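Data first, discussion second: the structure below is written as structure tokens.
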Amino acid sequence: MNYWLMKSEPDTFGIDDLFNRPDQTEHWDGVRNYQARNMMRDDMKIGDQVFFYHSNCDEPGIVGIMQVVRESYPDFTAFDPDDKHFDPKSNPDKPSWYMVDVKFVRKLSRNISLRELKLKPELADLALLRRGNRLSIMPVNAEQWAFILGLENA
DNA sequence: GCCAACGTTGGC
DNA sequence: GCCAACGTTGGC
């Protein structure tokens, strides 16, 4: 099983929005970066666990856990001229962009903030903390996953 | 293929 | 609002 971290701005789509979705499930559309797309398309498998990260907000950090419940399929929002993430170069015959479905697992008992994560030498290699990394989807290894969960009740 | 200009992300 | 760090675009 693989572990991931996915970013979203809570003003647009936060952990509570996922919680309130029918079946507590949503497609993760709008990813328009090739590296992130490749991870979703090729590597994200059903059952993979994902940290939900709130970005661009008062206290950026990890707020919950979700899991992959559907593997990659074309991101149809790329075909819709009225959609914010419309991409004229993508079409149903040859889609450029893919997405997965994720399901709410649980909220963390507290927000494990970016500020806190940065203080931990154990997380020096976490992709989220690497200089200049703006990817919206990043891998987390098993050790990092366990360490971060260990912070929850610390 | 190079690279300058531009747009976006996202922490602060 | 600022700005660093990219990724993308397009002229050449």
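Here the structure is a predicted model, which means the values were calculated and not measured. Convention: sequence-line order gives letters A, B, ...; per-chain numbering from 1.
The six-membered or imidazole ring of A:His27 lies near that of A:Phe76, with a centre-to-centre distance under 6.0 Å. Checked against the 6.0 Å centroid criterion, the rings of A:Trp28 and A:Phe52 qualify as a close aromatic pair.
Applying the side chain to side chain donor-acceptor pair (under 3.5 Å) definition to pairs two or more places apart or across chains, none involves residues 121-130 of chain A.
Residues A:Trp97 make up the rest of the hydrophobic cluster containing A:Tyr34, defined by ILVMFWY side-chain heavy atoms closer than 4.5 Å, directly or through other members.
Along DNA chain C, the nucleotide closest to A:Asn133 and the one closest to A:Asn56 are compared, and the more 5′ of them pairs with A:Asn56.
Note that the first and last nucleotides of DNA chain B, 5' to 3', having any atom under 4.0 angstrom from a heavy atom of chain A are B:dT8 to B:dC12.
By the 4.0 Å N-to-carboxylate-O rule, A:Arg32 lies close enough to A:Asp75 to be salt-bridged with it.
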